[in-house]
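Let me begin by presenting the structure, written as structure tokens, before commenting on it.
The structure presented is a predicted model; accordingly, all values stated were derived computationally and were not measured.
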Amino acid sequence: MALTAGELHRLAVHLEGGSDLERDERRVAARLPDGRRWSITLGPERLRRIALFDLPLCDATIRLDGYDAAGTEAFLARFHRVFRKGGG
């Protein structure tokens, strides 16, 4: 993903349960009152160069525990809306 750890920490509060996050340098996670849990962990940051533009890039791992198919779909749709960049 074209995402930095700073952006992850700044924007994750907009995900479900984001008001009470567990955090470390490259990971955010939440435990919801109904027992579901999610976490997002970033791999090492590297740069992708497109012409004269350097774009920070990380592999992101999303883990969802206790989510059914509809809940997973809803979480990922929200994730994509929260972390969308540019013109859509």
Side-chain angles (χ1 to χ4, degrees):
M1 292 189 68
L3 181 66
T4 64
E7 291 170 319
L8 175 65
H9 287 283
R10 181 172 54 85
L11 295 172
V13 298
H14 299 292
L15 297 173
E16 186 176 25
S19 61
D20 190 26
L21 293 174
E22 302 167 18
R23 301 171 185 255
D24 64 29
E25 185 178 337
R26 306 207 48 87
R27 180 179 171 272
V28 294
R31 291 179 189 267
L32 305 176
D34 62 7
R36 292 177 299 151
R37 298 181 312 189
W38 61 263
S39 67
I40 303 169
T41 305
L42 297 180
E45 188 174 305
R46 60 193 184 276
L47 291 178
R48 180 173 188 188
R49 180 174 285 264
I50 301 171
L52 297 175
F53 185 68
D54 287 330
L55 186 65
L57 181 70
C58 294
D59 293 325
T61 301
I62 300 172
R63 181 177 175 140
L64 303 175
D65 294 313
Y67 283 78
D68 61 12
T72 297
E73 187 176 317
F75 181 92
L76 292 175
R78 174 103 184 204
F79 172 84
H80 288 294
R81 281 191 309 273
V82 167
F83 289 97
R84 181 181 301 156
K85 290 185 178 184

Checklist entry - Under the 4.5 Å side-chain heavy-atom rule for ILVMFWY, direct or indirect, which residues accompany Ile50? => result none

Item to check | Ala5 versus Glu25, closest heavy-atom pair with distance | outcome: CB-O, 3.7 Å

Next on the checklist: Applying side-chain contact (heavy atoms from CB on, under 4.5 Å), can you list everything that pairs with Asp54, at least two apart in sequence or on another chain?
Outcome noted: Leu47, Arg49

Next on the checklist: For His9, give me all partners under side-chain hydrogen bond (donor to acceptor under 3.5 Å, both in side chains), at least two apart in sequence or on another chain.
Outcome noted: Arg23

Next on the checklist: My understanding is that only residues two or more places apart in sequence, or in another chain, count here; which of them pass side-chain hydrogen bond (donor to acceptor under 3.5 Å, both in side chains) with Arg36?
Outcome noted: Glu16, Asp34

Next on the checklist: Checking Arg46 now: which residues fulfil side-chain hydrogen bond (donor to acceptor under 3.5 Å, both in side chains) with it, not counting sequence neighbours?
Outcome noted: Asp59

Checklist entry - Where do Leu32 and Gly17 come nearest, in terms of heavy atoms and distance? => result CD2-CA, 3.5 Å

Checklist outcome for this item: Exactly one of Val13, Ile40, Leu11 clears side-chain contact (heavy atoms from CB on, under 4.5 Å) with Val28, and that residue is Ile40

Checklist outcome for this item: Residue pairs meeting salt bridge (charged side-chain N to carboxylate O under 4.0 Å, His left out), one or both in residues 69-83, sequence neighbours left out, come to none

Next on the checklist: Using 0.5 Å steps for rounding, measure from the CG atom of Leu15 to the CG atom of Leu8.
Outcome noted: 8.5 Å

Item to check | SG-CZ distance between Cys58 and Arg48, expressed to the nearest 0.5 angstrom | outcome: 13.5 Å

Checklist outcome for this item: Taken in chain and number order and not counting sequence neighbours, the residues that satisfy ring-ring contact (aromatic ring centres under 6.0 Å, His included) with Phe75 are Trp38, Tyr67

Item to check | Contacts of type salt bridge (Lys or Arg N to Asp or Glu O under 4.0 Å), residue Arg63, not counting sequence neighbours | outcome: Asp65

Checklist outcome for this item: Residues joined to Leu55 in its hydrophobic cluster, side chain to side chain under 4.5 Å directly or through other members, sorted by chain and number, are Phe53

